[in-house]
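Naming: A, B, ... by sequence-line order, numbering from 1 per chain.
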Amino acid sequence: MSRSDAAIPPASAPRSLLRDEQQRGPGATWRMHVRRALGPALACRRLLRRAPRAAWACAIMAALSAVGWSVITPPFQTPDEPSHFAYVQVLAETGRLPSKQTGNLSTEEEIVLRDLHQDEVLWHTNWHTISTPAQQRRLHEDLRAPLDRHGEGSGGVAATEPPLYYALEALPYKLGAGGTILDRLALMRLVSALLAGITALFTYMFVREALPSTPWAWTVGGFAASLQPLLGFMSGSVNPDALLYAVSAALFYCLARAFARGLSPRLALSIGALSAMGLLTKLNFLGIVPGLALGTVIVAARSLKHRPRPHRLYASLILGAALPAIPVIAYVAKNLASGQAGLGLLSNAIHLTSKGRSPLDEAAYIWDMYLPRLPGMSNYFPGLSTTRELWFDRAVGLYGWLDTHFPTWVENVALIPTAVVALLAGRSLVLGRRAIRARALEIGVYATMALGLMVLIGADSYTHSSIEGAGWVQPRYLLPLLPLLGAVFCLAARGAGRRLGPAVGVLLMLLVLAHDLFSQLQVIARYYG
Amino acid sequence: MHVVRWTLAIGLALIVTALCLVLSGSPSIVKADNGVKIHKFEYVGGPASICQSEKLLPRDTSAIRESLSANAGPWVAIRVLSGGRVLTRGARAGGWGVNSTVTVPVEPLSAAVHHVRICTTLGATVEPVELQGAVVGGSHDESVGARPIRMRVEYLHPGARSWWSLAAGIARHMGIGHAPGGLSGALIVLLIALVLVGGTSRLITWELR
């Protein structure tokens with residue numbers, strides 16, 4: 001961070017807010033009401049208008065990369081894709097949410113999974129996808145057959161997830177209703193790929209708002225985060241993570257903007273609407289809620305001090321807080337109506353967590369899951385360095401149904417550029433320590449969001465550790481924090497100094513591009529080689 | 001601007017060189033296996049050591065694949081012995097998986113060796129590791145606390161054909177059981193890769209001046 005990163009006074013009254021106040025007049029009252037109701041949508045339109053061409057370029061390339069991944073990855077060979085597809089199918093065919101986790105999927109899906117040898121290929125890297133003429137003939141015959149699409153209402157492991165992403169995916173499913181199941185899956189994957197573009201757009205905009213002093217470095221940060229192969233891989237599949245990444249990136253952007261320019265009524269409504277979307281997308285979103293709430297309270301308090309007539313902002317804040325409360329109330333009501341515990345899956349998790357284990361034990365487990373063990377701590381991951389052998393190696397590459405990764409030597413070599421990026425970003429932070437002090441609260445909010453997500457994943461892993469071992473250690477769960485990775489790359493490019501910075505930025509961008517392309521080759525080799 | 005353009009040119013040249021090197025290599029293929037069909041599995045915790053006799057270690061074996069399954073596998077070391085003498089060895093760091101097999105690279109031998117013993121050592125484990133194979137009689141010398149089970153073992157070596165020469169077949173394979181079918185999938189992927197390279201270059205020359 002440089003001094004100029006702190007040049008925008010966080011608590012200043014922004015021009016846009018003053019303009020909003022001046023526009024109020026008796027003749028425009030009805031227009032104001034309409035604008036207020038459409039606040040988040042208008043804010044989104046304005047954002048799209050002011051996004052620079054580099055942001056659009058990053059968005060298009062992220063979406064294209066995800067399209068490439070969607071073509072490369074065989075059908076139903078990404079984490080839980082059969083269950084996510086089944087959820088959409090139940091929703092689209094019956095108009096209802098899946099009623100259970102167990103039970104058969106639709107005949108159509110079960111038959112195609114069998115024909116594709118999904119079970120044999122899954123977790124067996126010595127198996128490739130089907131290739132013989134007999135296998136193809138059988139698949140084509142079954143694809144043409146009028147098989148039942150309803151099943152028993154099972155959504156597999158996805159059944160407990162909230163419905164927003166699946167409702168969105170029901171549109172391409174319906175659009176491809178006349179085609180085969182593989183056509184529908186391909187269309188659904190394309191919608192996920194579009195979400196990668198949205199994630200990239202907001203990631204770039206976050207970097208621009210958070211680190212405003214060096215425009216050329218925004219491109220490095222935005223691009224490097226947007227072309228992460230893990231983003232392309234996950235957004236090239238049917239998985240609610242794709243929408244969660246987009247919503248999280250948008251929220252990071254909104255918070256950065258609110259910290260830099262103050263919280264406008266529109267921004268407050270946008271944060272509320274996006275939070276509601278996050279809660280309706282995936283339960284992992286709960287992890288970033290504490291940090292998000294903290295950030296909103298801080299920016300609201302600052303902005304209220306500087307607004308001459310704060311009643312509009314108060315109203316927006318109340319409405320913004322009410323929006324995410326609606327899905328929570330609906331979720332509790334649904335659970336209570338069906339005779340389950342009010343918090344449903346969360347109640348079960350809390351019960352499991354408290355069952356016979358102490359909170360200290362859980363905290364130590366979560367620490368050990370991410371960081372080197374401290375003296376006196378129990379060894380929850382014996383024989384493994386979780387930071388290096390699980391998180392880092394898997395972040396270098398873990399594709400397919402978590403069964404495809406690079407050879408060990410690649411993971412070792414990857415330590416070098418990672419260390420260089422960390423050192424350069426560290427140098428940038430040291431040089432900008434005054435700006436960091438000035439923005440300590442903002443940085444604390446982002447850190448709380450990251451910590452909340454990591455603790456949630458750790459707690460979930462803890463409750464299932466006896467069954468799944470280290471199965472929860474999947475870097476994809478951390479991709480809602482992608483905008484922060486963009487900021488790290490931006491800082492690294494700036495850390496190389498004014499003269500060398502752009503050249504280092506070029507190298508970082510090419511490194512990420514190469515990582516994406518070689519990751520795709522690795523997956524091609526695994527399934528078709 | 002000159003520095004940026006030169007860096008871009010050198011970076012792209014490095015990527016193309018790396019791509020050519022990778023594609024000039026050959027994929028590992030299974031040269032032979034020990035004939036064990038997987039019927040049974042047992043769970044073992046680490047540390048543990050498992051030895052089993054095999055009829056043949058083929059020459060030029062560059063990696064040995066064993067039917068061990070885990071979410072996050074432990075450190076694995078393999079030694080191939082003949083009459084107490086270590087012929088070749090290799091190890092793999094922990095954290096592998098999720099997979100039903102583990103592949104451990106070993107030093108290739110110039111000649112095949114008959115009647116060898118393959119000893120596998122597992123480091124400490126986070127979760128039980130699944131041994132997959134066939135149940136054998138009590139004569140099997142294992143010390144893992146599990147029922148005697150003979151793992152399936154495959155011997156890998158670099159194939160004769162490079163990735164370049166396999167490209168057409170792989171492109172056709174990508175279109176099977178997939179929408180879009182035929183060669184269009186591979187062509188789309190190739191086109192997207194070219195657009196990404198071109199787009200990145202354009203973005204760099206636009207923005208990093």
- Item | Which atoms of Val67(A) approach chain B - backbone, side chain, both or neither, heavy atom under 4.5 Å | both
- Best-contacting candidate, Ala217(A), Ala57(A), Ser131(A), against chain B by heavy atom pairs under 4.5 angstrom: Ser131(A)
- Pairs of heavy atoms under 4.5 Å with chain B: top-ranked of Ala493(A), Ser385(A), Ala525(A): Ala525(A)
- Message: Under a 4.5 Å cutoff for heavy-atom pairs, which residue among Ile192(B), Asn99(B), Val189(B) has the most contacts with chain A?
- Response: Asn99(B)
- Item | Residues Leu19(B), Leu521(A); criterion side chain to side chain contact (heavy atoms under 4.5 Å, CB included); working and verdict | CA-CA 10 Å; Leu19(B) 194 64; Leu521(A) 285 177; 3.4 Å; yes
May I ask you to test the [X]-[Y] pair for a side-chain heavy-atom distance under 4.5 Å?
| X | Y | value |
| --- | --- | --- |
| Val506(A) | Val3(B) | no |
| Leu517(A) | Val197(B) | yes |
| Gln135(A) | Ile176(B) | no |
| Val195(B) | Leu64(A) | yes |
| His178(B) | Thr129(A) | no |

- Message: For Cys58(A) versus Leu203(B), what's the shortest heavy-atom pair and its separation?
- Response: SG-CD2, 4.2 Å
- Note on the structure: One should read off an interatomic distance between Ser100(B) OG and Asn126(A) CG, to the nearest 0.5 angstrom, of 5.5 Å
- Drop me the distance from Met61(A)'s CE to Thr200(B)'s OG1, to the nearest 0.5 angstrom. 4.5 Å
- Test His124(A) against Thr101(B) for side chain to side chain contact (heavy atoms under 4.5 Å, CB included), laying out the working first. CA-CA 7 Å; His124(A) 295 83; Thr101(B) 58; 5.8 Å; no
- Proximity breakdown for Ile188(B) and chain A, heavy-atom pairs closer than 4.5 Å: side chain
